[in-house]
Amino acid sequence: MKKKKIIIMVAVTLVCILLVSAISIYTVPKLRVSLFVHFYHDLIEDSLAAGHGVPADDAMLLGYDTVNTWDGDHTMTEFVIMAWGNTYYGCYYSPEDVPLAFQNTDVELTQDGHDYWVWKADGDNHGSTSKIMEHWYFFKASF
């Protein structure tokens with residue numbers, strides 16, 4: 001009887017740990033975006049290099065809401081992974097490996113630490129970007 005209670009307690013504890021882990025992955029933006037990049041960067045980079053664009057048919061499978069390519073001095077392919085209210089979180093692929101503002105907006109980036117930049121536009125529009133890995137950056141944009 002005592003052995004059965006211990007097994008049930010261990011099982012319940014493991015289930016709780018798994019639930020907390022799963023919730024963290026989907027609610028902590030930087031973690032969720034970093035996992036997206038680490039899982040799919042090769043697939044996306046290969047598809048872009050081959051001239052096929054982003055595998056848009058797989059948006060639900062890959063886990064992004066929208067994808068856009070923004071031209072400018074430096075082109076970027078941007079993935080919005082999640083949004084809370086007026087704040088957007090995601091990542092972008094920068095072929096030239098340069099940090100850029102949300103939607104490649106022409107605003108000044110100010111370095112605020114190693115591989116971390118902030119920007120401010122008109123009104124209360126602001127955001128940040130940080131390097132995840134070579135050619136890939138996390139962004140947060142608030143409006």
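On a predicted model such as this, the values are computed, not experimentally measured, just so you know.
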*Asks:* Cut-off 3.5 Å, no hydrogens considered: what does the side-chain donor-acceptor table look like for residues 109-116, sequence neighbours left out?
*Replies:*
| unit_1 | atom_1 | unit_2 | atom_2 | d |
| --- | --- | --- | --- | --- |
| Q111 | NE2 | G113 | O | 3.1 |

*Asks:* Establish whether Y93 and V98 are linked, either directly or via other cluster members, by ILVMFWY side-chain heavy-atom contacts under 4.5 Å.
*Replies:*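 Different clusters.
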*Asks:* When rounded to the nearest 0.5 angstrom, what distance separates CG in N125 from CZ in F143?
*Replies:*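 Taking CG in N125 and CZ in F143, the distance rounds to 5.5 Å.
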*Asks:* Please say yes or no: joined through hydrophobic side-chain contacts below 4.5 Å, possibly via intermediate residues, are W117 and V107 part of one cluster?
*Replies:*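 Yes; V107 is reachable from W117 via cluster members.
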*Asks:* Could you go through the side-chain contact (heavy atoms from CB on, under 4.5 Å) check for L100 and T129 one step at a time?
*Replies:* CA-CA 7 Å; L100 302 161; T129 188; over 6 Å; no
*Asks:* Take V118 and H126, measure what side-chain contact (heavy atoms from CB on, under 4.5 Å) needs, and give me the verdict at the end.
*Replies:* CA-CA 8 Å; V118 295; H126 64 281; over 6 Å; no
*Asks:* Quick one: do W84 and F102 end up in the same hydrophobic cluster if we chain Ile, Leu, Val, Met, Phe, Trp and Tyr together by side-chain heavy atoms under 4.5 Å apart?
*Replies:*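 Each belongs to a different hydrophobic cluster.
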*Asks:* With sequence neighbours left out, which residue pairs that include part of residues 132-143 fulfil the side chain to side chain donor-acceptor pair (under 3.5 Å) condition?
*Replies:*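 Side chain to side chain donor-acceptor pair (under 3.5 Å) check on residues 132-143 returns E45-W136, T87-S142, D97-Y137.
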*Asks:* Mind checking what makes side-chain hydrogen bond (donor to acceptor under 3.5 Å, both in side chains) contact with S94, not counting sequence neighbours?
*Replies:*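 Per chain and number, S94 pairs via side-chain hydrogen bond (donor to acceptor under 3.5 Å, both in side chains) with no residue.
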*Asks:* What pairs with T105 under side-chain hydrogen bond (donor to acceptor under 3.5 Å, both in side chains), at least two apart in sequence or on another chain?
*Replies:*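 Here no residue qualifies.
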*Asks:* Please name all residues satisfying side-chain hydrogen bond (donor to acceptor under 3.5 Å, both in side chains) with K120, sequence neighbours left out, ordered by chain then number.
*Replies:*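 By the side-chain hydrogen bond (donor to acceptor under 3.5 Å, both in side chains) rule, K120 matches no residue at all.
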*Asks:* Hey, does F139 have a side-chain heavy atom less than 4.5 Å from the side chain of Y89?
*Replies:*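 No, their side chains stay 4.5 Å or more apart.
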*Asks:* Using 0.5 Å steps for rounding, measure from the CZ atom of F138 to the OG atom of S130.
*Replies:* 6.0 Å
*Asks:* When you group the ILVMFWY residues by side-chain heavy-atom contacts below 4.5 Å and let the links chain together, are L31 and Y40 in the same group?
*Replies:*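 Yes, Y40 and L31 fall within the same hydrophobic cluster.
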*Asks:* State which residues pass side-chain contact (heavy atoms from CB on, under 4.5 Å) with A83; sequence neighbours excluded, sorted by chain then number.
*Replies:* Y88
*Asks:* With a 3.5 Å distance limit and no angle check, can you tell me whether S47 reaches the backbone of L43 through a side-chain donor-acceptor pair?
*Replies:* no
*Asks:* Quick check for you: to the nearest 0.5 Å, what is the distance between C91 atom SG and H41 atom NE2?
*Replies:* 11.5 Å
*Asks:* Got a list of side-chain donor-acceptor pairs under 3.5 Å for residues 70-82, not counting sequence neighbours?
*Replies:*
| unit_1 | atom_1 | unit_2 | atom_2 | d |
| --- | --- | --- | --- | --- |
| W70 | NE1 | E78 | OE1 | 3.1 |
| H74 | ND1 | E96 | OE1 | 2.5 |
| T77 | OG1 | T69 | OG1 | 3.4 |
| E78 | OE2 | Q103 | N | 2.8 |

*Asks:* Hey, could you give me the OG/CH2 distance between S128 and W119, rounded to the nearest 0.5 Å?
*Replies:* 9.0 Å
*Asks:* With clusters defined by side-chain heavy atoms of hydrophobic residues (ILVMFWY) lying less than 4.5 Å apart, directly or transitively, does Y92 cluster with I132?
*Replies:* no
